[in-house]
Each structure stands twice: as C-alpha cells, then as structure tokens.
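Each chain gets a letter, A, B and so on, in the order the sequences are listed, and its residues count up from 1.
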Number of protein chains: 2
Amino acid sequence: MLEISTHALRYYEKEEIIKPERDAQGNRRYTDSHLKWLEFVKKLRETQMPIEQIKKYTQLFKEGAHTSIDRLNLLENHRRTIEIQIETLKTTEAMLDKKITSYKQHLSTVNLSS
Amino acid sequence: MLEISTHALRYYEKEEIIKPERDAQGNRRYTDSHLKWLEFVKKLRETQMPIEQIKKYTQLFKEGAHTSIDRLNLLENHRRTIEIQIETLKTTEAMLDKKITSYKQHLSTVNLSS
DNA sequence: AGTTGACTTAGAGTGAACTCTAAGTAATAC
DNA sequence: GTATTACTTAGAGTTCACTCTAAGTCAACT
C-alpha cells in the first residue's frame, strides 16, 4: 500500500523513526497512526529530506509540545528546499523543451529529405 | 563558475561523459563547448538523472546524427520524470503548508494563554 | 638551486539509504 | 508429525556519486 519494503521499515525502526507495536507473538503491528506517520515520512523522503532530519523531527515530536517551534522551523526549512527544487526542475524542463523541439525539427527535416 | 569539483570532473571523465582537450603540458583544457556541455550535464544531475543515463546520452551523441531519435526519446523520458517530481513536490508542499498553518495556530494559542 | 603551487595519475575511501543474508522461532496446512 | 510460510534478529553487503589520498611531474618565482 505504502510501497515501503520491509527492509526499509526495519531500517527506519533502527533509526528510531518509527516504533510499531508488537502482538502476542512479538510480530510488528502497524496501526493506522503508524501508517499515517509512514505516509508523511515517505513524502519527506520523496522530496529529498535526509533520514537524519526526519529522525530529528521524530525526536522533537517525542519530546512534546514545547518543541513545536523547532518542528515548525524544520518544516518551514524543508518547504524552502522544496521551492528550490521546483525552480530547478522548471528551469531544466524549459531547457529540455527547447532541445526536444529542436530534435523534432531536425527529425522532420531528415524525414522530408528521405 | 559551474560549481563542479575537480574530483567530480575527473569522475565524469572516467565515465566518458566529458573529454577535455589537453595543452602542451598535458593539462586539461575545457573550451566553451565543454563548459556548455557541463552546464547541461549539471542540470540533468540536479534533476536526478542517473550518471548511467547521462553516459548513454553522451554515447549516442558521439555515435552521430542517426541516434537523434534515441536521444529525443531519452530527453522526453527525462522530461516525464521531471513532471512527476514537480507533482510530488507540489503535493508535499501542500501537505507542509497545512501542517505549518496548524503549528502556527497552535503556537499563537499557546502565546495567548501564557 | 630550491621551494612553491598547480597540475597529473591510479586507486582507495566515504556517506547515504537502503538491501540482503543467515540463522532462528512460531503458527498454519496437509 | 513434518513441511511450509511468515515472521524474527544482528549484521554484512550493495549502489550511487562522488571525494579523497598519495605519489609524481612540471613550470615559475626568489
């Protein structure tokens, strides 16, 4: 569902990013709130937030309400990195569009002459 | 200027992504067209194209005009990955905005009660 | 003449984020 | 009762993209 491998889940657990519950057999149980958290983590990873920072956020969360400002700052910083990424992608996309157009132009010319 | 380390330049050279000229002393000379190429490579890297694919593109380029279609395909594929990346970033940004707003809300409430 | 600085090389090392292995346990299926 | 399946663990291995090291050469300054 979340497309996170079991191995990756173990890794996140080792890094103290997630701590699933255990059933009577000692097997991991991911509740709805675990899944929600993982979904959030996945989004952060997909947008290039390093594990180390996700770990930091998790730790702040555990420390309680008095860390809200720090968490807000962390999220605002990440928001800025997202903005930068979007800018970079758009610039490159524009460059690619130019190249793609010129390739198409070239190819149609070749076709005409053949 | 390009913010690519000499070490990275050597690495790209080893991977046959760039082949600078040499002066009488055997030292590398990057001409304007080399710099242009590196700028292009940098944009591709910044938008997550793997070295392996950049290598592929470079090779096709060397092979000549008859590889235009392949190069076009490669660039169009990358364009699609860029679109996907932008989508992911925007979705996450929206999610962050929600969180950020709710953190701010929370913090202002805390301030009022103190 | 000697030292400094900028380059050269091959190859080893690094950090991030998984990814896999091997050995073990425990419930279910036949 | 044995086989299969699904989990468990600690820890080793992998991949990517650099990044650095060490030893050497060469021109230029003092």
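Applying the side chain to side chain donor-acceptor pair (under 3.5 Å) test to pairs two or more places apart or on separate chains, those with a residue in residues 62-73 of chain B are A/Y103-B/R71, B/T67-B/R71. Here salt bridge (Lys or Arg N to Asp or Glu O under 4.0 Å) pairs that include residues 24-37 of chain A, with residues two or more places apart or in two chains, are A/E13-A/R28, A/D23-A/R29. The list of salt bridge (Lys or Arg N to Asp or Glu O under 4.0 Å) pairs with a residue in residues 101-110 of chain A, not counting sequence neighbours, reads A/K104-B/E76.
Taking B/T47 as the reference, B/H78 meet the side chain to side chain donor-acceptor pair (under 3.5 Å) condition, with sequence neighbours excluded. With sequence neighbours excluded, no residue forms a side chain to side chain donor-acceptor pair (under 3.5 Å) with B/Q48. Remark: A/N27 pairs with no residue by the side chain to side chain donor-acceptor pair (under 3.5 Å) rule, at least two apart or across chains. Under the ring-ring contact (aromatic ring centres under 6.0 Å, His included) criterion, B/F40 pairs with B/W37, B/Y57, sequence neighbours left out. Qualifying side chain to side chain donor-acceptor pair (under 3.5 Å) partners for A/T31, counting only residues two or more places apart in sequence or in other chains: A/S33, A/H34.
Nucleotides of DNA chain C lying under 4.0 Å from heavy atoms of chain A occupy a range whose first and last members, 5' to 3', are C/dA17 to C/dA27.
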Atom pairs and distances, donor-acceptor, side-chain atoms in residues 1-8 of chain B, under 3.5 Å, two or more places apart:
| residue | atom | partner | partner atom | Å |
| --- | --- | --- | --- | --- |
| B/S5 | OG | B/A8 | N | 3.0 |

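At a non-hydrogen distance threshold of 4.0 Å, nothing from residues 40-47 of chain A comes into contact with DNA chain D. Within residues 6-31 of chain A, the residues approaching DNA chain C are A/H7, A/A8, A/Y11, A/Y12, A/Q25, by heavy-atom distance under 4.0 Å.
Distance check: B/K99 NZ to A/L72 CG gives 12.0 Å after rounding to the nearest 0.5 Å.
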